[in-house]
Protein chains: 2
Amino acid sequence: MARKSATGRIGIADVAVKAGVSHATVSRVMNGNFTVDPDIAARVRAAAVELKYQPNPVGRSLALGKTDTIGIVVPDLANPTFQAILRGLSRAAAEDGYRVLIADSFEVSSEEAILAGEARRRCDGLVLCAPRMSDAELEEIAPSLHPLVLINRTTAAAGIPSLVVDYGQGVQDLAEHLVGLGHTRLAFLAGPAGSASNGLRLEGLEAFKARHPQVDVTMLDGGSDFDTGHGAVDSVLASGATGILAFNDLVAMGLMSGLHERGVDVPGDISVTGFDDIPFARYTTPTLTTAAVPIAELGGQAWRELRALIRKEDHDAPGGRYQPRLEIRASSGPAKAPRTATHG
Amino acid sequence: MARKSATGRIGIADVAVKAGVSHATVSRVMNGNFTVDPDIAARVRAAAVELKYQPNPVGRSLALGKTDTIGIVVPDLANPTFQAILRGLSRAAAEDGYRVLIADSFEVSSEEAILAGEARRRCDGLVLCAPRMSDAELEEIAPSLHPLVLINRTTAAAGIPSLVVDYGQGVQDLAEHLVGLGHTRLAFLAGPAGSASNGLRLEGLEAFKARHPQVDVTMLDGGSDFDTGHGAVDSVLASGATGILAFNDLVAMGLMSGLHERGVDVPGDISVTGFDDIPFARYTTPTLTTAAVPIAELGGQAWRELRALIRKEDHDAPGGRYQPRLEIRASSGPAKAPRTATHG
DNA sequence: CTGAAAGCGCTAACAG
DNA sequence: CTGTTAGCGCTTTCAG
């Protein structure tokens with residue numbers, strides 16, 4: 001009786017026969033179309049409730065040409081930064097009745113374009129988060145992904161809002177902070193080579209070096225996680241630097257942990273700074289000096305940009321630039337007497 | 001020429017006319033049906049490539065009655081535990097060509113059921129993560145959500161696999177560990193009142209108390225985040241306990257941070273244990289003794305259970321129970337001379 | 001081996 | 001105000 005449709009689930013047709021009307025009328029009632037006679041509407045609603053009818057979103061999507069779903073592509077869901085963006089995005093989108101489909105590329109940049117395309121086709125719009133693909137590839141696929149919002153990446157392709165954090169400014173602020181504390185030998189523990197945000201940090205450091213030729217800045221290879229920082233203790237000590245700019249908070253925490261194991265006092269012997277101000281940063285020992293990125297807000301803003309694109313709204317200020325805020329805590333302090341390199 | 005369909009995007013019909021065949025044939029070729037003449041198939045493929053044709057998944061979903069998407073409902077996407085489950089689930093599902101739709105209930109338990117229903121209708125199956133709704137409600141809606149997999153929650157409804165972590169055993173192991181170090185006054189910093197996993201911990205502690213009547217176990221109200229731990233310093237000190245079982249690692253870290261600010265030495269004065277073994281736990285100062293939950297594996301297993309349900313496979317061992325593993329680090333140590341309560 | 005046609009569940013013109 | 005009809009884009013019988 002109730003379940004007659006092929007899928008075995010209750011469809012609009014079941015409600016229609018039960019209420020003794022056409023499915024068009026049922027559709028009207030379900031969509032709040034008030035051109036329906038109140039009595040009939042009530043009968044339809046009663047039938048719907050009785051059958052526990054819920055419209056099938058797939059049929060609806062096909063008819064309307066929209067899915068009420070957006071996609072987000074991230075390079076690594078394990079990264080707190082992307083988690084925070086996802087959360088902000090999800091929350092903001094949910095308020096407008098949109099769901100979020102996630103696609104994790106697991107840092108495999110060769111799969112990113114295909115992944116993005118697939119995700120896009122299932123959704124009404126896409127957020128591409130710090131894609132690792134080349135500029136050329138990004139520019140090539142960007143138009144086919146529209147509506148598209150980019151985070152921490154820009155492209156020459158037209159009509160693509162881009163939300164970027166000014167990592168270059170942030171790292172300069174941190175470096176200035178250390179110099180203000182008397183440090184003259186700094187080291188930068190870099191992030192992943194392909195990372196655009198690492199590139200922005202490097203540019204910022206170049207500007208800093210131009211302004212402070214007397215300060216020695218050593219570049220050290222790195223990565224983006226705890227283990228990177230923990231494993232960098234030797235090279236950090238060998239550099240002779242007293243102020244260490246870690247790629248991000250995770251790296252900084254790993255480094256502090258490694259230094260602690262060696263009996264090196266932070267900030268007594270060495271000052272350490274992070275980047276991002278993840279929630280954990282204020283609970284490390286010592287608490288971490290870092291540059292705070294309003295990351296959840298970024299996710300929310302990404303949704304607003306995307307929403308404007310989906311609604312084809314006119315859009316005066318597409319994209320935006322986010323300034324990190326210096327967050328001075330206990331992991332940075334006055335420079336000690338200069339140390340000498342201790343190789344081997 | 002190319003784009004003639006109503007949506008403005010290239011559809012199967014465009015490829016069909018370009019290749020001079022019917023859309024049925026295009027469909028066959030796109031789906032790797034080998035009953036198509038090789039020459040025609042080649043022509044179709046060439047047309048598809050030239051037009052950059054990508055099948056519309058919505059139309060496909062409607063025809064096939066499946067979306068190749070699963071949903072996950074979590075109470076709070078900010079919680080590292082749920083993030084890890086999401087990651088494990090997403091990774092495992094992706095390997096089988098499935099995408100993940102997320103639904104964050106933001107701890108609003110009244111919205112959970114509706115959210116779950118909506119998510120389910122867009123997907124081929126659902127993972128409900130530690131739902132906060134009542135047992136009665138869960139049991140009522142569970143059948144309508146099938147295929148459904150439950151995490152850290154069980155239900156009497158039939159055919160619902162349930163993956164649960166044995167928090168009761170874990171907390172007992174931690175308590176035994178502390179007692180083995182000579183602690184006789186313990187305190188449990190509880191989690192959110194509605195949390196099922198908190199209930200399991202409480203049951204475990206009851207069993208522990210029955211076994212160790214000489215040990216004093218104080219119950220303290222709490223929560224599940226840093227601030228809970230940080231704010232609990234006073235009540236912890238007032239309890240006079242020397243061994244503190246925190247609800248989870250986050251709470252433990254907040255507590256350690258607060259104790260450090262008061263000059264209380266961990267583990268010299270007070271031993272602290274967490275729960276979960278989140279990645280940060282091995283990098284705190286001191287490193288955190290905790291009970292490790294194989295959480296990413298849980299996400300992967302959730303997918304396998306769900307996949308079996310979706311494929312209607314016979315399924316000998318639905319669900320499973322995960323035993324936490326004691327991870328002894330530096331935040332727990334021998335008990336000092338007994339302290340006295342220092343109220344006020 | 002291929003095309004015509006039906007149908008997945010829904011919405012929206014268009015008649016009446 | 002309501003029913004009929006025609007799609008949305010795709011898969012899949014069913015003839016040929």
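Numbers restart at 1 for each chain; the letters A, B, ... are given by sequence-line order, proteins then strands. All figures in this text were calculated on a predicted structure; none of them were measured in a lab.
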Legend entry - Any B:R60 side-chain nitrogen or oxygen under 4.0 Å from OP1 or OP2 of D:dT11: yes
Inset, instruction - Using whole Å, report how far CG of B:L62 lies from P of C:dA6. - result: 17 Å
Legend entry - Gap between atoms CZ and P, on A:R9 and C:dG9 respectively (whole Å): 10 Å
Inset, instruction - Could you tell me whether the phosphate oxygens of D:dC8, OP1 or OP2, come under 4.0 Å of any side-chain nitrogen or oxygen in B:N56? - result: no
Inset, instruction - May I ask you to verify whether the side chain of A:R28 and the base of D:dG3 hold a donor-acceptor pair under 3.5 Å? - result: yes
Inset, instruction - Using a strict 4.0 Å threshold on nitrogen-to-oxygen distance, state whether A:R307 and A:D96 make a salt bridge. - result: yes
Legend entry - Side-chain donor/acceptor of A:S27 to backbone N/O of A:H23, under 3.5 Å: no
Inset, instruction - Identify whether any heavy atom of B:T25 sits under 4.0 Å from a base atom; if not, whether one sits that close to sugar-phosphate; answer base, sugar-phosphate or nothing. - result: sugar-phosphate
Legend entry - Close side-chain approach of B:I151 and B:V164, heavy atoms under 4.5 Å: no
Inset, instruction - Under 4.0 Å between any heavy atoms, over every strand shown, what does A:V21 touch: base, sugar-phosphate, or nothing? Just pick one. - result: sugar-phosphate
Legend entry - Position toward the 5' end of DNA chain C (nearest nucleotide), B:A24 or A:M30: B:A24
Legend entry - From C:dT11, D:dC10, C:dG9, nucleotide with atom closest to B:Y53 side chain: D:dC10
Legend entry - side chain to side chain contact (heavy atoms under 4.5 Å, CB included) involving B:A92 - partner list, sequence neighbours excluded: B:W303
Legend entry - Interatomic distance, A:D68 CG vs C:dT11 P [rounded to whole Å]: 12 Å
Inset, instruction - Starting at atom CG of A:N33, determine the distance to atom P of C:dA12, rounded to an integer number of angstrom. - result: 9 Å
Legend entry - For atom CD1 of A:I12 and atom P of C:dC8, their distance in whole Å: 13 Å
Inset, instruction - Look at A:D68 together with A:R99 and state whether they make a salt bridge at an N to O cut-off of under 4.0 Å. - result: no
Legend entry - A:R122 CZ - D:dC10 C1' separation (whole Å): 14 Å
Inset, instruction - Could you tell me whether A:E50 and A:K18 make a salt bridge, using a distance below 4.0 angstrom between a side-chain N and a carboxylate O? - result: yes
Inset, instruction - Check the distance between C:dA13's C1' and A:L64's CG and give it to me in whole angstrom. - result: 14 Å
Inset, instruction - Kindly indicate whether the side chain of A:Y322, heavy atoms from C-beta on, has any atom under 4.5 Å from the side chain of A:E297. - result: yes
Legend entry - 5' precedence on DNA chain C between B:G59 and B:H23 (nearest-nucleotide basis): B:H23
Legend entry - Spacing between A:K66 atom NZ and D:dG9 atom C1', to the nearest angstrom: 18 Å
Legend entry - Within residues 34-50 of chain B, residues whose heavy atoms come under 4.0 Å of DNA chain C: B:T35, B:V36, B:D37, B:I40
